[in-house]
Visitor: 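Before anything else, here's the structure in question.
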Amino acid sequence: MRAGRPALTRLLGSLSPEDFARDHWGHTLHLAPVADRGGDTFDDLFSLDAVDELVSARGLRTPFLRVAKDGSTLPEGAFTSSGGTGAGMPDQVDDSKLLRLFADGATIVLQGLHRTWSPIRVLADDLAADLGSPVQVNAYVTPAANQGFDDHYDVHDVFVLQISGTKRWSLREPVLPQPLRSQPWTDRREEVAAAAQRPAHLETTLEPGDCLYLPRGWVHSARAMGEVSTHLTIGVHAWTLHHLATSALDLLAAGLGVEDGVRRSLPLGVDLSDPDGWHDDVEQVRETLLRRLRELRADELAATLHSRQRGSARPSAVRPLAQVAAAQSLTVDDEIILRPHLVAQLQGKDERVTVTSRVASFTLPASYRPALDLLLEGGPVTVRDLGGAAGLDEDAALQLARGLLTRGIAVVPGSGDGHR
């Protein structure tokens with residue numbers, strides 16, 4: 001997590017990230033009204049005009065949009081059609097169909113906005129770094145006095161950012177605390193329906209600029225009030241002890257091949273339906289697993305989890321054409337900076353050093369390590385200083401810097417979305 005956690009601080013208002021981590025993260029609701037957040041209404045992130053642009057002018061395709069009405073999701077054919085000659089994909093959003101559905105009270109759900117709308121992409125990248133967990137962002141656009149979905153719970157934590165209009169939320173304590181992704185609310189429909197009949201833990205009307213934190217498992221529903229309501233849902237896929245456990249089991253399974261006893265065949269003619277015939281073998285396997293689990297090193301587990309973390313999201317966006325042009329025109333006095341949210345790491349000690357990241361893995365002579373260490377510190381560095389750290393002349397420094405740009409490892413500060 002970054003020092004200060006600025007994206008998280010923006011959402012929390014007067015509550016410090018440290019107090020949020022102790023008193024709310026993963027278990028307890030938190031509401032930060034717009035007044036508590038200094039009057040910030042999130043109008044730089046999204047708007048009704050942004051909705052219209054996305055659904056009418058961007059050639060959006062499913063699953064980046066879905067539509068719900070009366071608690072159910074409509075079939076894709078109800079709001080998509082072909083784009084016509086030269087763009088015949090049949091799953092493109094049809095703005096005419098969508099117009100009729102919205103006028104009739106349907107809710108528009110724009111999914112994956114962290115991939116399709118630049119201001120939200122930047123916030124999502126920064127918030128994921130602050131939280132240490134991947135995030136996704138959807139928008140829910142509900143006509144006045146309508147409700148898109150019935151009471152349900154999510155299997156990820158949520159920050160709700162009210163963008164326009166108002167929406168009345170009913171929130172009830174979990175029927176299953178901290179559910180996993182394999183435990184959706186649809187598996188507990190009756191329990192959720194029963195919970196929805198009980199008095200709400202909290203009923204509140206969100207206004208533009210209000211931010212509600214909703215831990216996974218909390219049962220909720222929301223209804224637009226007297227005008228069109230738009231809110232962003234930032235879904236946080238928190239890393240859990242279940243991730244630790246499954247990663248440990250994967251490592252155990254991968255390493256069992258070295259165990260002579262485990263490779264041994266079961267008795268000839270074994271009846272696998274009768275455990276009495278292989279009871280001793282079960283005990284041997286159990287003891288082997290327990291021994292290997294006790295011997296499992298934390299650094300082995302950390303390497304596996306770090307790999308999963310790298311694969312959970314993309315780094316900040318780069319503009320390929322501008323990036324190549326920047327590399328070609330680079331001089332030794334220009335600055336470059338590590339691409340944000342790259343999750344880069346250096347490995348190797350002897351003759352070679354390997355750079356691993358979300359976009360590339362490549363190896364250089366170990367003499368380049370001081371230059372790579374300097375880049376990975378995170379601040380802007382001139383090409384001249386980068387080369388100087390590794391004892392390179394100007395031509396070699398330029399070659400290294402240009403290679404880092406074209407591999408997507410470094411960027412020129414201020415050159416594109418998400419680069420600051």
Visitor: When you check the gap from the basic side-chain N to the acidic O, do Arg66 and Glu76 get nearer than 4.0 Å?
Guide: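 Between Glu76 and Arg66 there is no salt bridge, as every charged N stays at least 4.0 Å from the carboxylate O atoms.
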Visitor: Is any NZ, NE, NH1 or NH2 atom of the basic residue among Arg216 and Asp154 found under 4.0 Å from an Asp or Glu carboxylate oxygen of the other?
Guide: no
Visitor: So, do Leu272 and Trp278 sit near enough that their side-chain heavy atoms are less than 4.5 Å apart?
Guide: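 When only atoms from C-beta onward are counted, Trp278 and Leu272 do touch, with a gap below 4.5 Å.
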Visitor: Say whether Arg188 and Gln183, considering side chains only, have a donor N or O and an acceptor N or O under 3.5 Å apart.
Guide: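 Looking only at side-chain atoms, Gln183 and Arg188 do not form any donor-acceptor pair under 3.5 Å.
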Visitor: For Trp185, does the six-membered ring have the charged nitrogen or CZ of Arg189 within the cation-pi criterion, i.e. under 6.0 angstrom from the centroid and within 45° of the normal?
Guide: yes
Visitor: With side chains defined as the heavy atoms from C-beta onward, is the minimum distance between Lys69 and Phe102 less than 4.5 Å?
Guide: no
Visitor: Hydrogens and angles aside, do Ser273 and Asp271 bring a side-chain donor and acceptor to less than 3.5 Å of each other?
Guide: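 A donor-acceptor contact under 3.5 Å links the two side chains.
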Visitor: Please name all residues satisfying side chain to side chain contact (heavy atoms under 4.5 Å, CB included) with Phe64, sequence neighbours left out, ordered by chain then number.
Guide: Leu60, Arg115, Thr116
Visitor: Does a salt bridge link Arg286 with Glu283, judged by any charged N lying under 4.0 Å from a carboxylate O?
Guide: yes
Visitor: List, one per line, each side-chain donor-acceptor pair under 3.5 Å for residues 227-249, sequence neighbours excluded.
Guide:
unit_1	atom_1	unit_2	atom_2	d
Ser229	OG	Gln162	NE2	2.9
Thr230	OG1	Ser164	OG	3.2
His231	ND1	Lys167	NZ	3.2
His231	NE2	Thr233	OG1	3.3
His237	NE2	Gln136	OE1	2.7
Trp239	NE1	Gly132	O	3.1
Thr240	OG1	His242	N	3.1
Thr240	OG1	His243	N	3.3
Thr240	OG1	His243	ND1	3.2
His243	ND1	Thr240	N	2.9
Thr246	OG1	His242	O	3.0
Thr246	OG1	His243	O	3.2
Ser247	OG	His243	O	2.9
Ser247	OG	Arg308	NH1	2.8

Visitor: Is it true that the side chains of Asp126 and His341 contain a donor and an acceptor less than 3.5 Å apart?
Guide: yes
Visitor: Aromatic rings Tyr140 and Phe149: how do their planes relate, parallel, tilted or perpendicular, breaks at 30° and 60°?
Guide: perpendicular
Visitor: Sequence neighbours left out, what passes side chain to side chain contact (heavy atoms under 4.5 Å, CB included) with Ser265? Give chain and number order.
Guide: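 For Ser265, no residue satisfies side chain to side chain contact (heavy atoms under 4.5 Å, CB included) once neighbours in sequence are set aside.
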Visitor: Using a strict threshold of under 4.0 Å (side-chain N to carboxylate O), is an ion pair present between Asp104 and Lys97?
Guide: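 Salt bridge absent between Lys97 and Asp104.
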Visitor: The test is salt bridge (charged side-chain N to carboxylate O under 4.0 Å, His left out); show your working for Asp334 and Arg402 and say whether it passes.
Guide: CA-CA 11 Å; Asp334 290 330; Arg402 287 169 177 160; over 6 Å; no
Visitor: Start with the C-alpha gap between Gln323 and Leu405, add the side-chain angles, then the distance that decides, and say whether side chain to side chain contact (heavy atoms under 4.5 Å, CB included) holds.
Guide: CA-CA 7 Å; Gln323 189 87 339; Leu405 289 175; 3.8 Å; yes
Visitor: Which heavy atom of Ile409 sits nearest a heavy atom of Leu342, and at what distance?
Guide: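 Shortest heavy-atom contact: O-CD2, 3.6 Å.
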Visitor: Run the salt-bridge test on Asp151 and Arg172 with the 4.0 Å N-O cut-off and return the result as yes or no.
Guide: yes
Visitor: Looking only at the side chains, is there a donor atom on one of Thr205 and Arg168 sitting less than 3.5 Å from an acceptor on the other?
Guide: yes
